[in-house]
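Values in this document were obtained by computation on a predicted structure and should not be read as measured data.
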Amino acid sequence: MIREVKKDELYQLLELYKFLHNDEKFDDTEHLKDVWEEIFNDMNHHIIVYEEDGNIVSSCVCVIIPNLTRNQRPYAFVENVVTHNEYRNKGYATSCLNYAKEIALGNNFYKMMLLTGSKRQSTLDFYKNAGYNSNDKTAFIQWLK
C-alpha cells in the first residue's frame, strides 16, 4: 500500500533509512523528535512510504519549493529514495516516485528534481525509467560540516 507516513512511524522510517546510509546512527534525542515534528507538520514536506506486510519497506521524500519564476509554479525536490534490501526489484520505489509525481501534477509543479550519489548503472537506469534525466541540468554539491 502506498501512502504518506504516519506520525507514529518515525522509528520504522529510521530503520528503513539504515539501508540508505548503513553507517548512519539515529540517536533518540529531543532534537530528533523536534525535527520530526517540524517535518511532519510542514505541508510542503511529504514522506511517501510503501507498506508491505505491515512494515514500511520503501520510501521517498518529496519537498515542495514555492517559486517566483515560471509563473510562480512550484517545483519539487525528491530525496532519500530507499527500499529495504529484501523488498527490492518489486516496484515499490517506483510506486513511491509515482506518488510524488501525482503530488506534483496535482499542484501544477513545473519540474521535479532528484540527486543520487550512486554511480551504479542499475540505479541510474532506475531513475531514467522513472522519467528523470541527467541531461538538462548539472548538479553541484557543497558539503557543509
Side-chain angles (χ1 to χ4, degrees), residues 1-29 31-67 70 73-145:
M1 170 175 59
I2 188 81
R3 60 178 173 77
E4 292 203 39
V5 74
K6 297 175 188 170
K7 190 168 186 178
D8 66 350
E9 295 177 320
L10 169 62
Y11 298 104
Q12 279 191 62
L13 187 63
L14 294 178
E15 283 299 311
L16 179 63
Y17 282 172
K18 290 179 181 177
F19 292 94
L20 185 63
H21 303 291
N22 58 9
D23 60 342
E24 186 140 16
K25 293 182 180 9
F26 298 100
D27 295 326
D28 192 15
T29 64
H31 180 65
L32 172 68
K33 293 172 187 169
D34 290 344
V35 170
W36 176 242
E37 191 74 27
E38 181 180 355
I39 288 170
F40 192 82
N41 291 319
D42 182 350
M43 63 183 249
N44 288 326
H45 204 125
H46 300 267
I47 300 177
I48 300 156
V49 297
Y50 196 100
E51 179 186 334
E52 182 73 16
D53 303 323
N55 298 307
I56 295 174
V57 299
S58 189
S59 180
C60 75
V61 174
C62 177
V63 179
I64 301 168
I65 302 169
N67 185 34
R70 304 286 182 158
R73 291 174 65 196
Y75 59 94
F77 189 77
V78 175
E79 183 64 88
N80 294 340
V81 180
V82 60
T83 301
H84 187 291
N85 285 349
E86 294 177 18
Y87 292 86
R88 291 192 175 160
N89 300 311
K90 296 183 179 190
Y92 299 153
T94 299
S95 293
C96 290
L97 291 175
N98 287 340
Y99 192 101
K101 187 175 181 180
E102 289 176 26
I103 291 170
L105 291 170
N107 289 283
N108 198 30
F109 293 13
Y110 82 95
K111 71 178 176 183
M112 297 179 72
M113 301 181 298
L114 68 79
L115 298 173
T116 181
S118 177
K119 304 294 185 220
R120 291 187 336 204
Q121 193 60 48
S122 61
T123 301
L124 303 178
D125 290 343
F126 166 74
Y127 289 125
K128 287 178 185 174
N129 290 335
Y132 294 86
N133 77 71
S134 59
N135 302 323
D136 294 339
K137 300 262 183 176
T138 300
F140 291 89
I141 298 174
Q142 182 180 58
W143 295 101
L144 306 174
K145 293 184 179 195

Show your reasoning for whether side-chain contact (heavy atoms from CB on, under 4.5 Å) applies to Phe126 and Thr94. CA-CA 8 Å; Phe126 166 74; Thr94 299; 3.1 Å; yes
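- The CZ atom of Phe77 sits 11.0 Å away from the CE atom of Met112 when rounded to the nearest 0.5 Å.
- Side-chain contact between His31 and Val35 is present, with heavy atoms from C-beta onward closer than 4.5 Å.
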Residue pair Val5, Leu10: steps toward the side-chain contact (heavy atoms from CB on, under 4.5 Å) verdict: CA-CA 8 Å; Val5 74; Leu10 169 62; over 6 Å; no
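- One finds the CG atom of Leu16 at 10.0 Å from the CG atom of Asn55 (value rounded to the nearest 0.5 Å).
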Salt bridge (Lys or Arg N to Asp or Glu O under 4.0 Å), that's the test. Do Glu37 and Lys7 meet it? Break it down for me. CA-CA 8 Å; Glu37 191 74 27; Lys7 190 168 186 178; 2.8 Å; yes
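- Without hydrogens or angle criteria, Asn80 side chain to Val61 main chain gives no donor-acceptor distance under 3.5 Å.
- In this structure, a donor-acceptor pair under 3.5 Å is present between the side chains of Asn85 and Arg88.
- For the atom pair SG (Cys96) and CD1 (Ile2), the distance works out to 3.5 Å, reported to the nearest 0.5 Å.
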Apply side-chain contact (heavy atoms from CB on, under 4.5 Å) to residues Ile56 and Glu9 and explain how you reach the verdict. CA-CA 9 Å; Ile56 295 174; Glu9 295 177 320; 3.8 Å; yes
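- Residues Thr123 and Asp125 form no side-chain contact, since every pair of their non-hydrogen atoms from C-beta on lies 4.5 Å or further apart.
- The shortest side-chain heavy-atom distance between Tyr75 and Met113 falls under the 4.5 Å cut-off.
- What you find for Ser134 and Lys128 is that their closest heavy atoms are OG-CE, 4.3 Å.
- Between the side chains of Glu102 and Asn98, no donor-acceptor pair of N or O atoms lies under 3.5 Å.
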side-chain contact (heavy atoms from CB on, under 4.5 Å) between Asn67 and Tyr110, intermediate numbers included: CA-CA 10 Å; Asn67 185 34; Tyr110 82 95; 3.4 Å; yes
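- In plain terms, the two heavy atoms of Arg3 and Met1 that are nearest each other are NE-CE, 3.7 Å.
- Listed here is the closest heavy atom pair of Ala100 and Cys60: CB-SG, 4.4 Å.
- Between the side chain of Ser58 and the backbone N or O of Tyr50, no donor-acceptor pair lies under 3.5 Å.
- Put simply, the side chain of Tyr99 does not reach to within 4.5 Å of the side chain of Leu97, judged on heavy atoms.
- Atom-to-atom distance recorded for His21:NE2 and Phe26:CZ is 7.5 Å, nearest 0.5 angstrom.
- Using a 4.5 Å cut-off on side-chain heavy atoms (C-beta onward), Tyr92 and Glu52 make contact.
- A donor-acceptor pair under 3.5 Å links the side-chain atoms of Asn133 to the main chain of Asn135, judged by distance alone.
- Taking a 6.0 Å sphere around CD of Glu24, one finds it holds more than 12 heavy atoms contributed by other residues, nucleotides or ligands.
- Lys137 places a side-chain heavy atom less than 4.5 Å from the side chain of Lys111.
- When side chains are defined from C-beta on, His46 does not count as touching Val63, because their heavy atoms never get closer than 4.5 Å.
- Considering every non-hydrogen atom in both Leu20 and Val81, the closest pair reads CD1-O, 3.5 Å.
- Side-chain N/O atoms of Asp28 and Tyr11 include a donor and acceptor closer than 3.5 Å.
- Using modelled atom types, one side-chain atom of Asp42 and one backbone atom of Asn44 make a donor-acceptor pair closer than 3.5 Å.
- The aromatic rings of His84 and Tyr87 lie perpendicular to each other, with more than 60° between the two planes, well past the 30° mark.
- The side-chain heavy atoms of Ile39 and Ile47, taken from C-beta on, include a pair separated by under 4.5 Å.
- The nearest pair of heavy atoms linking Ser118 to Leu124 is O-CD2, 3.6 Å.
- Taking the six-membered ring where tryptophan is involved, the planes of Tyr127 and Tyr132 are perpendicular, since the angle between them exceeds 60° and thus also 30°.
- Nearest heavy atom pair, residue Asn108 against residue Pro74, reads O-CD, 3.9 Å.
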